[in-house]
Every structure is written in C-alpha cells, then in structure tokens.
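A quick write-up on the structure given underneath.
A note on names: the letters A, B, ... follow the listed sequences, proteins ahead of strands, and every chain is numbered from 1. Keep in mind that this is a model prediction, so the values were computed, not measured.
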Protein chains: 2
Amino acid sequence: MFSVLCAHELATISDNKSCTLYKKGQILFHEGTRPLGIFCINSGKVKVYKIGTDGKEQIIRIAGQGDLLGYKAMLAEEYYPVSAETLEDCTICFLSKHNFLETLNESSDLNQRIVKQVCQEHGMLVDEVTNQAQKSVRERFAMALLKLKDTYGLDGHEDGPVEINLTREDLANLVGTATETLIRLLHEFKEDGMLETQGRKIRIIDSRQLVKAARMM
Amino acid sequence: MFSVLCAHELATISDNKSCTLYKKGQILFHEGTRPLGIFCINSGKVKVYKIGTDGKEQIIRIAGQGDLLGYKAMLAEEYYPVSAETLEDCTICFLSKHNFLETLNESSDLNQRIVKQVCQEHGMLVDEVTNQAQKSVRERFAMALLKLKDTYGLDGHEDGPVEINLTREDLANLVGTATETLIRLLHEFKEDGMLETQGRKIRIIDSRQLVKAARMM
DNA sequence: CGAAAGATTGACTGAGTTCAACTGAAGTGG
DNA sequence: CCACTTCAGTTGAACTCAGTCAATCTTTCG
C-alpha cells in the first residue's frame, strides 16, 4: 500500500511507526472506540469482526501480511464499526493518526491509492451482502474456503498445499452459520474429496470442485 | 456532497454537467460495464442492485435526492459491481469522468469529503453483512422499512406520514427474502398496527414498534 | 493431571422457501 | 371501449435447509 510513496515519505513513516509483537488472542482495537491510528500487519493473521445484536461474532474478514487495519473508521471520522483480534502471534506496526494523516496530506499518490483501496473493498462488500442474502450455507462455505486459501497461501512456507488454521467456530462466524452446520458441511466436503482435515487444520485439495460447489461464475 | 467546493469550482461543474429527465424503469448503468462518469439525483428514486448467481436481484440501496451514483466503481478503476435503475421519473445530472476527476484533483476538500463518504458507506455495508447473516427476515424487514422511511421522508410533501412506494418484489429483494414471505410479514406488521397499506403504498404508523421488531439497540 | 475449550454427532424443530392456484389491476391493441 | 394479456399481489400447503439442544468425545494447556 505504501509502495506509492517516495523514499523520503517512507522514511518518515518508518521513523514514526512502532512495531509490536502481539500474542495470539490480543485485541488491536474494540468496536465502538475511537480510532487513534492505523495498524499494518507484518506477520500473522487477524480477524476483523462485528458483534451482532445477540452477541454473536460476525467475522468480516481475515487479514494477513501487508494488510492495513483501522484506517477506514479514521477517515470516516467515526468509531470503529468492528473489532480486530490476533489469531496467532503477530508482528504489527502502529502509525498514529497524526502521522498517518500528515503523510496522507503530503502524498496525493497515497491518497489516490487509499481511495482506490476503499472503493474496491466497498465493491467486495457489495458482493458479500449479495452472497449472504442469496447463497446457501454450503455455497458460502465453499467461497469462504477459497478466499482463505488465498489469505493463508501468502504465508508460502513452500509451494505445498495451503493449510487453513481456524477454529470451527471462527469458520462458522465467517460463513455466517452455526458451528454444527459448518462441521457437517466440512464432513461432506471431505467425503467429496475437496479437502482433508488434520485436527483443526484444513488442507484444500480440489479448488476446482470448490469453485463449482460455490457456484461462482 | 459538493457543498465543500468554492464558487468557482461549483461553476465549473455546473457548466459541464448535463441534466436529463429519465422515465421510470430506465437504466443509468449496467453491472459489469465501465464507468464513464457520475450521476447525481436531482429528484426521484433509483434502485441500486446486483444480480446474484441465479438471476435474482439483490437491492443494495434505494438512492434518492442528492445521492451520488457510480463514483466508487470509477475511483476503484473497476467495472460497475451493480446496476442502477430509476423507480420513478427522475431528474438526474451526469458529470463525465474527466470533469469529475479534474475537480477532484483541484479540490482537496472535495477529495476528503469523498473519502469520508466512501469510508462511511463501507461501515454501513459491514452492518449490512452482519444483519444479513444474523438477523431474521422479520427483523431485516423492519430495519429496511425504517431506512426507507428516511429515504422517502426526504420528499417531504408535507409533514404528513411517509409513504413508501415499491413493488413487493423490490421490497423482498431489498430485504433478501422471497416475495411471498415479505407479503406475509407485511400482513403481520399491519395487524400489529405498525403500518397501513393502500395498494402498493405503505405508510408507517409506529416507528417505535418497528425499532423494537428490528431489535436495533 | 484435571479443567476448560473445542469438536463431533444425533434428534428435533421451525423459519422461510418453493410450488401452485387464484385474484385483481393495469395496460394495450383491435 | 372492450376483450385480452400480462404483471403484481395474495393465499395455502408441502417441504427443506439450517438452527438449536443435548450428550459425548477430544484436545489443549495451565
């Protein structure tokens, strides 16, 4: 994201950011609080979620390496609409509101890049709403797995198959279903040869078939 | 939205925009096509929708007076993720991509205003996803009615009660349910004294009770 | 090791979809 | 101006996907 900046601007950010090691399960920010800066994930995975009326988590996305968090609420001048919690030990940089806005002011390139990013994310959410409203749980689960494959694929330890490492509950809250339903579907997918499981870990074998199951065209 | 501009900039836009009368049912732009400019609704209502995998419309929002359409896809440098169709006769201004981007470039105030707007809309969609995933059809319908009350309230013929004028099918596609289900719920709400209907028209009587039915807190 | 959290399975229930039939309203072309 | 078609709205009945509840098993971790 910051690749559009010139050397000088990058240096400013570097000087002002603070990099921290977060343990698994720590909260970066809480829904309903005021944004004080932005987070950039150096390594690890973070779940971004919202609490629904009856206390159930709805996971909006799983963020990974290179993802920027918390800037949209800041630019909207609103409280965070979501919370962010680490799913593993993470290294995450923090840049204060002041420094971020200053950099943003000085670089119209960065500005453009951010606008583009937000607009793209908006488009993705429009898709998400449509899918949530019209697709079956089975289809949504298949889509979620394909997205996670991308997210977890970036870790790229080797060129080996991607391993998704989330609790069943988190998976269910990402898809928007009950944990039990998700487990049953996982079974089905396993029987159909689309994936393998090893304890918590899910390894995708047949993406092609998942695409079909998701009816993405 | 353009209120942040100075007189000179406003004049430029005014000179370059073209205002057109659209008949009910006309398409402003089609999902999957390239954005050529932005639309600003002067009067009338427009439905913004996406076609799901099996051809069903998912209405993302009903836009009204003063709303800007089609700029996010432009700024994302992507094709339109949605279509826009007039629900009544409308007066709508068009500003070419070139002119819009130029104005945007010249006014950092407008830029900031746009960024803020997009980020806010993003937050609203996050809510939408959560609601779609976790709330019952009944609750979602109640919420939709309350939102529509705002949209249709702006017409403000008098201070009289707001009348929502949408087909049952459009309402269902907004809520994300089947037309039959929506009709049955409409009946329930009528019996509970939350609203009245006159043919197609829906008049909201008891917002307070709707808020309760939506379990918004 | 033992407690707590996560995972799994079965049985049951019900909200909401689908299908089908029918009514009413609104065009529209002869 | 009327017959005819078409589209929107409504209602009933059957069905099904997915949620809930409860019990059990497994893993993890202090």
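- One atom, NZ of Lys135(B), and another, C1' of dG19(D), lie 17 Å apart when rounded to the nearest Å.
- The residue among Leu182(A) and Arg168(B) whose nearest nucleotide of DNA chain D lies closer to the 5′ end is Arg168(B).
- A salt bridge is absent between Asp127(B) and Lys147(B): the closest approach of a Lys/Arg side-chain nitrogen to an acidic carboxylate oxygen does not fall below 4.0 angstrom.
- With rounding to whole Å, Glu188(B) atom CD is found 14 Å from dT10(D) atom P.
- For Glu169(A), whose side chain is taken as the heavy atoms from C-beta onward, the closest listed nucleotide among dA18(D), dG6(C), dT18(C) is dG6(C).
- Residue-level contact check: Thr177(A) touches the backbone only, with heavy atoms under 4.0 Å from sugar-phosphate atoms and none from bases.
- Across all strands, Thr167(A) comes closer than 4.0 Å only to sugar-phosphate atoms, never to a base (heavy-atom distances).
- Going from atom CG of Leu87(A) over to atom P of dG6(C) covers 12 Å, rounded to whole Å.
- Put simply, the side chain of Gln58(B) never gets that close to the backbone of Gln134(A): no donor and acceptor are under 3.5 Å apart.
- Formation of a donor-acceptor pair under 3.5 Å by the Arg215(A) side chain with backbone atoms of Thr53(B) is not found in this model.
- The salt bridge (Lys or Arg N to Asp or Glu O under 4.0 Å) with Asp192(A) is formed by just one residue from the set Arg208(A), Arg138(A), Lys212(A); it is Arg138(A).
- Using a 4.0 Å heavy-atom distance criterion, Arg200(B) is classed as a sugar-phosphate-only contact.
- In this entry the distance linking NZ of Lys201(B) with P of dA8(D) reads 17 Å, nearest Å.
- You'll find a donor-acceptor pair under 3.5 Å spanning the side chain of Arg184(B) and the base of dG12(D), going by distance alone.
- Considering only the side chain of Ala178(A), dT20(D) comes nearest among dT9(C), dT20(D), dG16(C).
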